[in-house]
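One structure below.
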Amino acid sequence: MTRLDGRVAIVTGAGRGIGRSVALLLAQSGAAVVVNDLGAALDGSGADSGPAQQVVNEIAEAGGKAVANGADVSDHAAAEGLIRDAIEGFGRLDVVVNVAGILRDRMVFNMAEQEWDDVIRVHLKGAFNTTKFASAHWRSLREETAQNRIINFTSVSGLHGAPGQPNYAAAKMGIVGLTYSSANALGKYGVTVNAISPGAATRMTESVPEERRRARSAADDERSPDNVAPIVAYLASEASGWLTGRIIHASGYEVALYSNPQPLIRLIGTGPWDPDALAAQVDTSFGPLLRGNP
């Protein structure tokens with residue numbers, strides 16, 4: 001098993017679902033865990049300290065170390081306090097896992113401004129907030145042998161464009177861009193940054209109407225969020241220092257590496273393009289690939 005002895009991790013959204021599974025496995029692997037969860041409903045309303053404390057109790061009963069934290073990561077100052085509390089409580093910080101999120105599903109032509117703003121705020125701003133304050137701390141240490149980790153969560157909703165989740169899809173693709181940028185910026189401070197695209201049965205997936213869900217044939221145990229946690233534990237370990245700036249899909253018993261974006265075809269002119277000439281080139285060069293022709 002990947003060991004995390006002596007390491008300190010924050011897991012946001014850790015009161016339920018994938019976040020809970022991640023927090024439990026990190027603790028089982030030897031990490032001290034800050035179990036962060038506002039305890040809100042799926043749409044982000046309300047707050048409840050119970051879920052986070054229950055996870056802490058499970059970790060303690062198994063002999064691990066954990067504390068509950070109810071900070072709203074979408075609040076800039078609260079996220080700073082979360083990072084500070086981890087450092088002051090456990091003496092260090094090594095890993096931040098950004099799982100927290102909400103849903104406000106609607107087709108784009110029916111979506112209210114607030115439904116857009118709230119989902120972007122929790123997912124994307126929340127990941128930015130924790131990344132900012134954790135990376136500022138690590139940068140201040142200037143440790144040449146640092147092995148720090150940020151593990152974000154993206155989604156197939158963004159990677160493949162779920163039609164009924166434009167806000168969620170945009171937030172999750174924004175997290176991909178944040179992951180790429182942070183990986184490029186923070187490597188010199190001993191920080192790797194990767195993103196997980198998970199597939200599991202959670203209260204989020206179960207809230208999606210049946211007609212909009214992807215077909216499923218896997219057994220219930222294969223859809224468990226526990227199956228996403230092992231790759232997170234590996235990325236949280238010191239052994240994963242060679243891997244950064246990547247998207248990894250984890251679903252059931254499968255772990256897959258996504259390719260990073262790169263051009264498929266280039267059209268290079270000798271001067272400014274004539275619109276008609278460009279149209280003809282796009283049609284003959286891009287068309288066969290995108291239309292599925294040989």
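Source: prediction; values computed, not measured. In this chain, numbering begins with 1 at the start of the sequence shown.
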For the residue pair [X] and [Y], establish whether any side-chain heavy-atom pair is separated by less than 4.5 Å.
X	Y	answer
N98	V11	no
F153	I175	no
H249	Y258	yes
F133	L82	no
V35	V67	no
I196	N152	no
R291	D283	yes
R7	V95	yes

Where do [X] and [Y] come nearest, in terms of heavy atoms and distance?
X	Y	result
A78	D72	CB-O, 3.5 Å
L257	I247	CD1-O, 3.8 Å
R16	D37	N-OD2, 4.0 Å
N36	G70	ND2-C, 4.2 Å
V232	V228	CG2-O, 3.6 Å
A9	L26	CB-CD1, 3.8 Å

inquiry  = Tell me which one of L186, N194, T192 satisfies side-chain contact (heavy atoms from CB on, under 4.5 Å) with I150.
reply    =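 The single option meeting the side-chain contact (heavy atoms from CB on, under 4.5 Å) with I150 is L186.
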query = Out of M111, R104, R121, which one pairs with W116 under the side-chain contact (heavy atoms from CB on, under 4.5 Å) rule?
reply = M111
key: Test salt bridge (Lys or Arg N to Asp or Glu O under 4.0 Å) applied to D221 and R223, step by step   = CA-CA 5 Å; D221 63 337; R223 294 174 55 211; over 6 Å; no
task = For the pair I10 and V97, evaluate side-chain contact (heavy atoms from CB on, under 4.5 Å) and give the outcome as yes or no after the intermediate values.
result = CA-CA 6 Å; I10 292 172; V97 186; over 6 Å; no
Roughly how far apart are [X] [atom1] and [Y] [atom2], rounded to 0.5 Å?
X	Y	atom1	atom2	value
E61	I59	CD	CD1	10.5 Å
H160	S157	NE2	OG	10.0 Å
N69	T12	CG	OG1	10.5 Å
D5	S29	CG	OG	8.5 Å
I265	L267	CD1	CG	7.0 Å
L93	W138	CG	CH2	5.0 Å

Verify, without hydrogens or angle tests, whether [X] (side chain) and [Y] (backbone) share a donor-acceptor contact under 3.5 angstrom.
X	Y	value
D105	Q165	no
T130	A127	yes
S182	T179	no
N227	Y253	no

Would you say [Y] ends up clustered with [X] if hydrophobic residues are merged whenever their side chains have heavy atoms under 4.5 Å apart, either directly or through other cluster members?
X	Y	result
V22	V255	yes
L4	W242	yes
Y234	L24	yes
V193	I83	yes
L124	I102	no

Between [X] and [Y], do the side chains contain an N or O donor and an N or O acceptor separated by less than 3.5 Å?
X	Y	answer
R149	S240	yes
D226	S21	yes
K125	H76	no
Q53	N57	yes

inquiry  = Run I87 and H137 through side-chain contact (heavy atoms from CB on, under 4.5 Å) and show every step you take.
reply    = CA-CA 9 Å; I87 297 166; H137 167 68; 3.5 Å; yes
request  = In sequence, state the C-alpha distance, the side-chain angles, and the governing distance for V34 and D85, and then conclude on side-chain contact (heavy atoms from CB on, under 4.5 Å).
outcome  = CA-CA 9 Å; V34 178; D85 289 350; over 6 Å; no
inquiry  = Does R139, at its CZ atom, have more than 12 non-hydrogen atoms belonging to other residues, nucleotides or ligands within less than 6.0 Å?
reply    = no
inquiry  = Could you go through E58 and R20, starting from their C-alpha distance and side-chain angles, then the distance that decides it, and tell me whether this counts as salt bridge (Lys or Arg N to Asp or Glu O under 4.0 Å)?
reply    = CA-CA 10 Å; E58 290 182 62; R20 172 183 175 276; 2.8 Å; yes
key: Derivation of the side-chain contact (heavy atoms from CB on, under 4.5 Å) call for L103 and Y168   = CA-CA 7 Å; L103 288 180; Y168 182 68; 3.6 Å; yes
Which donor-acceptor pairs under 3.5 Å do the side chains of residues 270-278 make with protein atoms, sequence neighbours left out?
residue	atom	partner	partner atom	Å
D274	OD2	D276	N	3.1
D274	OD2	A277	N	3.0

